[in-house]
Q: 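Could you have a look at this structure, given as structure tokens, before my questions?
Counting convention: from 1, in listed order, for ligands and their atoms alike. This structure is a prediction, so every number in the text was calculated from the model and none was measured. For the single chain, residues carry numbers from 1 onward in sequence order.
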Amino acid sequence: MAGNTTLTIIKPDAFGNAKTGKIIALLEERGFRILASRVMHMSKDQAGEFYAVHKGRPFYPELVEFMTSGPCMPMVLEKDDAVAALRGAIGATDPAEAAPGTVRKLYAESKGRNAIHASDSDENAVRESRFFFAETEILAAR
Ligand code: GDP
């Protein structure tokens, strides 16, 4: 059964472009509820570990550089079938291919600087939520 929580990160490009409020508003309008949130500036070690699955890919150094270039905003979100719902709301990795009305179509600059992260499975949603938040910092899901 699909879980009802997922992890998102408003990335440094959107944070720097002052789009955090618009992105949160879009997500709330789509029915997501915020269970945890924080503003932080990731270290190289943190970003490297978070994206360890991409180690060895050509874009990995650029990805770590970008994710540590400014503040970001991780959030745990709740909604029925949260992982699939959020992937739908953010759109394709490359904003040029993202559907109209998605976060990336509206706010991303490029395939690398693409405004937002979303977990791609329930297993990763749990792992990624615990990467940023202690259990006591996450509101109980309904
Ligand atoms: P996502 O699940 O849609 O975020 O995409 P992936 O898991 O495939 O990639 C993770 C992140 O790495 C993306 O959101 C981008 O920020 C970055 N990325 C992926 N592909 C590229 C690429 O070809 N070039 C650059 N610069 N960054 C990329």
Q: Nearest protein heavy-atom contact for atom 9 (O) of ligand 1: which residue, which atom, what distance?
A: His54 NE2, 3.5 Å

Q: Where on Lys11 is there a heavy atom closer than 4.0 Å to ligand 1, on the side chain, on the backbone, on both, or on neither?
A: side chain

Q: Given Phe15, which of Val39, Ile9, Ile23 fulfils the side-chain contact (heavy atoms from CB on, under 4.5 Å) condition?
A: Val39

Q: To check your reading of the model: name the closest protein heavy atom to atom 4 (O) of ligand 1, its residue, and the distance in Å.
A: Arg104 NH2, 3.0 Å

Q: Just to check, does Asn114 reach to within less than 4.0 Å of ligand 1 when the distance is taken from its heavy atoms?
A: yes

Q: Measuring from the heavy atoms of Arg113, does anything fall under 4.0 Å of ligand 1?
A: no

Q: Mark the output for Met67 as yes if a heavy-atom distance to ligand 1 is under 4.0 Å, and as no if none is.
A: no

Q: Only counting residues at least two apart or in another chain, list the ones meeting ring pair (Phe, Tyr, Trp, His ring centres under 6.0 Å) with Phe50.
A: His117, Phe131, Phe132

Q: With a heavy-atom distance limit of 4.0 Å, tell me whether Leu63 approaches ligand 1 through its side chain, its backbone, both, or neither.
A: side chain

Q: Ignoring hydrogens, just give me the one of Tyr60, Phe66, Phe59, Tyr51 whose non-hydrogen atom is nearest atom 18 (N) of ligand 1.
A: Phe59

Q: Can a salt bridge be assigned to the pair Arg104 and Glu97 using a cut-off of 4.0 Å between side-chain N and carboxylate O?
A: no

Q: Heavy atom to atom 26 (N) of ligand 1, shortest distance: which of Lys111, Arg87, Glu62, Glu65 holds it?
A: Glu62

Q: Does atom CD of Glu137 have more than 12 heavy-atom neighbours from other groups under 6.0 Å away?
A: yes

